[in-house]
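This report concerns only the one structure given below.
We're numbering straight along the sequence, starting at 1.
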Amino acid sequence: MKELSLPVIETRSLTRRYGKRRGIESITLSVPEGSVFGFLGPNGAGKTTAIRVLLGFLRPTAGSASVFGLDCWRASRHAKAEIGYVPGDLRLYAWTNGAEALGIFGSIRRRDMLGPGRQLAEQFDLDLNVKVRSMSRGMRQKLGLILALAHKPRLLVLDEPTSSLDPLMQTQLHQHLRSLASAGHTVFFSSHTLSEVEQLCDRVAIIREGVLVASATLDELRVQAGHVVSIRWKDESAASRTAPPPILDVQERESLTWTGILKGPVHDLVAWLSAQPIDDLTITRPDLEMLFRRYYVQDRGQV
């Protein structure tokens with residue numbers, strides 16, 4: 001993995017409230033340049049609120065947020081010149097076609113977006129002559145991505161960008177995003193699809209009920225989470241009568257099988273098991289879905 005450099009996005013104790021209702025609370029976050037950064041959380045967690053503050057659409061209640069070192073509220077116009085954005089509720093003018101939309105956006109940005117847009121349309125297999133009103137949902141999503149990418153932004157903010165795309169198009173987009181990151185661009189990627197984030201992102205932040213509960217590389221999160229252990233016993237009586245060692249948090253018992261989290265050294269568990277009547281042992285690092293469930297389910301005591 002390449003060495004990451006200065007932060008493109010930085011927040012300190014960032015808070016946004018809606019009257020008495022909390023949107024996000026005291027979020028401190030740093031997104032390195034040239035990274036694909038995953039932003040995870042279920043509906044209502046505060047992801048979209050955080051994104052709207054970063055884009056200067058909402059003013060912080062407290063704390064600070066900056067993009068490229070520019071204050072997201074006071075210098076929003078300057079920051080947005082180098083940002084591409086695809087919202088989760090993408091809406092486009094129904095009367096335009098793709099080429100006209102590129103012309104309109106290019107006039108607003110004062111850049112030629114039609115030439116690069118045509119290249120992207122060829123790559124994403126989109127006919128720019130089709131009117132938006134006649135486009136399928138997937139076609140509109142492709143056009144939104146093209147409009148966000150055509151001016152070659154330093155920062156690309158994507159809110160659930162692949163929800164309407166077929167698997168082949170998702171793969172094409174992933175390849176394009178990795179290419180952008182390799183060239184020094186930064187991608188802030190909000191998604192519900194955990195396997196997609198795990199495959200694509202360098203780092204992830206997890207938000208729950210407006211509060212940031214984790215921000216690290218996937219490897220760092222896995223190390224923090226310990227190992228996932230599956231033990232298969234030779235007989236049910238041994239499985240039921242044996243008490244697990246303190247370093248093993250057994251979360252499921254199904255007949256002959258224990259499944260749990262190892263909270264100590266692997267060799268200590270292996271030494272303990274060497275004297276036990278077991279048939280099989282599996283020790284792995286947790287995947288992102290399991291990590292996510294730990295932050296959203298187990299932390300609430302709903303195992």
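- T28 places a side-chain N or O within 3.5 Å of a backbone atom of S13 that can act as its donor or acceptor partner.
- At a threshold of 4.5 Å between non-hydrogen side-chain atoms, the residues F37 and V187 do not count as touching.
- Here the side chain of K47 pairs a donor or acceptor atom with the backbone of G41 at under 3.5 angstrom.
- In this structure, S107 contributes its side chain and G103 its backbone to a donor-acceptor pair below 3.5 Å.
- Residues L128 and V130 share a single hydrophobic cluster, defined by chaining ILVMFWY side chains whose heavy atoms lie under 4.5 Å apart.
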Identify every side-chain donor-acceptor pair in residues 236-247 under 3.5 Å, counting partners at least two apart or on other chains, and give the distances.
| from | atom 1 | to | atom 2 | distance (Å) |
| --- | --- | --- | --- | --- |
| E236 | OE2 | S255 | OG | 3.1 |
| S237 | OG | D235 | OD1 | 2.5 |
| S237 | OG | R241 | NH1 | 3.3 |
| S240 | OG | E236 | O | 3.1 |
| S240 | OG | S237 | O | 3.1 |
| T242 | OG1 | A238 | O | 2.6 |

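- Looking at Q170, its side chain does come within 3.5 Å of a backbone N or O of L165 through a donor-acceptor pair.
- With K142 contributing its side chain and L126 its backbone, the two residues share no donor-acceptor pair below 3.5 Å.
- To the nearest 0.5 angstrom, R17 atom CZ is 14.5 Å from L58 atom CG.
- Counting heavy atoms from C-beta on, the side chains of K152 and R111 never come closer than 4.5 Å.
- Within 6.0 Å of CG in D125 there are 12 or fewer heavy atoms belonging to other residues, nucleotides or ligands.
- Residue pairs meeting the ring pair (Phe, Tyr, Trp, His ring centres under 6.0 Å) criterion with at least one member in residues 135-157: none, sequence neighbours excluded.
- Judged by distance alone, with hydrogens and angles left aside, the side-chain atoms of T11 form a donor-acceptor pair with the main-chain N or O of I27 at under 3.5 Å.
- Atom CZ of R12 sits in a sparse spot, with 12 or fewer heavy atoms from other residues, nucleotides or ligands closer than 6.0 Å.
- Pairing each heavy atom of V67 with each of C72, the nearest pair is CG2-SG, 3.5 Å.
- Residues V211 and R22 are in side-chain contact: their nearest non-hydrogen atoms beyond the backbone lie under 4.5 Å apart.
- In this structure the side chain of T186 never reaches within 4.5 angstrom of the side chain of R154, judged on heavy atoms.
- At a threshold of 4.5 Å between side-chain heavy atoms, the hydrophobic network of Ile, Leu, Val, Met, Phe, Trp and Tyr places W258 and V228 in two separate groups.
- The CG atom of D279 lies 11.0 Å from the CH2 atom of W233; values are rounded to the nearest 0.5 Å.
- Summarising the geometry, atom CE belonging to M113 is positioned 9.0 Å from atom CG belonging to L149; distances are rounded to the nearest 0.5 Å.
- Annotation for K131: atom NZ counts as buried by contact number, over 12 foreign heavy atoms lying within 6.0 Å.
- Looking only at side-chain heavy atoms (C-beta outward), C201 and L218 stay at 4.5 Å or farther from each other.
- With rounding to the nearest 0.5 angstrom, the OG atom of S191 is 7.0 Å from the CG atom of L40.
- Rounded to the nearest 0.5 Å, atoms NE2 (H176) and CG (L156) are 8.0 Å apart.
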Mind listing the side-chain donor-acceptor pairs of residues 86-97 below 3.5 Å, one per line with the distance, residues two or more places apart or on another chain?
| from | atom 1 | to | atom 2 | distance (Å) |
| --- | --- | --- | --- | --- |
| T96 | OG1 | Y93 | O | 2.9 |
| N97 | OD1 | A99 | N | 3.1 |
| N97 | OD1 | E100 | N | 2.7 |

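- Taking the side-chain hydrogen bond (donor to acceptor under 3.5 Å, both in side chains) definition, one finds that R232 meets it with nothing, sequence neighbours left out.
- The backbone N or O of G260 sits nowhere less than 3.5 Å from a side-chain atom of D249 that would complete a donor-acceptor pair.
- For F57, the ring-ring contact (aromatic ring centres under 6.0 Å, His included) test picks out no residue, with sequence neighbours left out.
- A search for side-chain hydrogen bond (donor to acceptor under 3.5 Å, both in side chains) contacts involving H185 returns nothing, not counting sequence neighbours.
- Few gaps surround CZ on R178; more than 12 heavy atoms of other groups in view lie less than 6.0 Å from it.
- With F188 as the fixed residue, the side-chain contact (heavy atoms from CB on, under 4.5 Å) test singles out one of I83, I51, L158: I51.
- When side chains are defined from C-beta on, L143 does not count as touching M139, because their heavy atoms never get closer than 4.5 Å.
- The hydrophobic cluster containing L273 also contains V250, counting ILVMFWY residues as joined when their side-chain heavy atoms lie under 4.5 angstrom apart, directly or transitively.
- With hydrogens and angles disregarded, no donor-acceptor distance shorter than 3.5 Å links the side chain of T259 to the backbone of S230.
- For the atom pair Y18 OH and T61 OG1, the distance stands at 8.5 Å (nearest 0.5 Å).
- A donor-acceptor distance shorter than 3.5 angstrom exists from the side chain of Q141 to the backbone of P161, with no hydrogens or angles considered.
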